[in-house]
Amino acid sequence: MNVITFGTFDMPHIGHVKILNRAKELGNKLIVGVSSDALNFSKKGRNPVYSEQERLFLVNSFKGVDKVFLEESLEKKREYILEYKADILVMGDDWKGKFDEFSDICQIIYLPRTPSISTTSVIEVVKMSRPSPEDNE
Ligand code: CTP
């Protein structure tokens, strides 16, 4: 069984590792579409901290990931599912219901997100912990 999933996976954190591990358990081969920098900008309105090449390299280094590719457009999901012969599409439940249109070509499984962590929240914590100019006075 081929499992496919998609995401930005910027500044990889435990939520990313957990969803990839759980996705892998659903089949034998795990294929990950890593959102391109341009796609990420259009989705989230900011550039990722790590470039698409770095994120491809990082995600490909995770245990259980068999193949990575660059996801260039949200509209190409059907094409990617067919191209990589995916039997199962896994998405975090923040996307619940949003990909049901592909149930004619594969099984769709939404997995619960790991609570209390996201790339955005890590960026906020790092920003807040930056010393302010007054700290040096
Ligand atoms: N994910 C998860 N648990 C989290 C964060 C993300 O299971 N706590 C999953 C998402 O549901 C998605 C995949 O990891 O299937 C990639 O998510 P991504 O959007 O790259 O990560 P976020 O941390 O949610 O990033 P951001 O804060 O930029 O939205």
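Indexing begins at 1, ligand by ligand and atom by atom, following the structure's order.
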> Quick one: nearest non-hydrogen protein atom to atom 27 (O) of ligand 1, plus distance?
Replying inline: Thr120 OG1, 2.5 Å
> Of Glu101, Glu83, Glu71, which meets salt bridge (Lys or Arg N to Asp or Glu O under 4.0 Å) against Lys77?
Replying inline: Glu71
>> Could you identify the single nearest non-hydrogen protein atom to atom 11 (O) of ligand 1 and state the distance to 0.1 Å?
In response: Asp94 OD1, 2.9 Å
>> Just to check, does Glu124 reach to within less than 4.0 Å of ligand 1 when the distance is taken from its heavy atoms?
In response: no
>> Give the atom numbers and elements of ligand 1 that come within less than 4.0 Å of a heavy atom of Arg46.
In response: 28 (O)
> With a 4.0 Å cut-off, would you call Glu124 and Lys127 a salt bridge?
Replying inline: yes
>> Give me the residue, atom name and distance of the protein heavy atom closest to atom 18 (P) of ligand 1.
In response: His16 NE2, 3.7 Å
> Aromatic rings Tyr80 and Phe6: how do their planes relate, parallel, tilted or perpendicular, breaks at 30° and 60°?
Replying inline: tilted
>> One thing to verify: whether Lys29 and Asp66 come together as a salt bridge, which I'm taking to mean a side-chain N less than 4.0 angstrom from a carboxylate O.
In response: no
> Atoms of ligand 1 less than 4.0 Å from Ile117 heavy atoms?
Replying inline: 4 (C), 5 (C), 8 (N)
> What residue and atom, counting heavy atoms only, is the protein's closest point to atom 20 (O) of ligand 1, and at what distance?
Replying inline: Phe9 N, 2.8 Å
>> Using a 4.0 Å cut-off to any heavy atom of Thr8, which atoms of ligand 1 qualify?
In response: 20 (O)
> What about Phe9 and Phe62, are their ring centers closer than 6.0 Å?
Replying inline: no
> With no hydrogens and no angle check, is any side-chain donor or acceptor of Asn2 less than 3.5 Å from a backbone partner on Lys85?
Replying inline: yes
> Is there side-chain contact between Ser51 and Asp37, with at least one heavy-atom pair below 4.5 Å?
Replying inline: yes
> So which protein heavy atom does atom 3 (N) of ligand 1 come closest to, and at what separation?
Replying inline: Thr114 N, 3.1 Å
>> I'd like to know if the side chain of Asp93 reaches the main chain of Tyr110, judged simply by a donor and an acceptor atom lying under 3.5 Å from each other, with no hydrogens or angles considered.
In response: no
>> Strictly distance-based, threshold 3.5 Å: is any side-chain N or O of Arg22 a donor or acceptor partner for the main-chain N or O of Pro112?
In response: yes
>> Within ligand 1, which atoms have a heavy atom of Gly92 less than 4.0 Å away?
In response: 11 (O), 15 (O)
> What residue and atom, counting heavy atoms only, is the protein's closest point to atom 25 (O) of ligand 1, and at what distance?
Replying inline: Lys44 NZ, 3.4 Å
> Heavy atom of His13 under 4.0 Å from ligand 1?
Replying inline: yes
>> With respect to Asp93, determine whether any N or O atom, backbone or side chain, lies less than 3.5 Å from an N or O atom of ligand 1.
In response: no
> Which residue holds the protein heavy atom closest to atom 10 (C) of ligand 1, what is that atom called, and what is the gap in Å?
Replying inline: Arg113 NH1, 3.7 Å
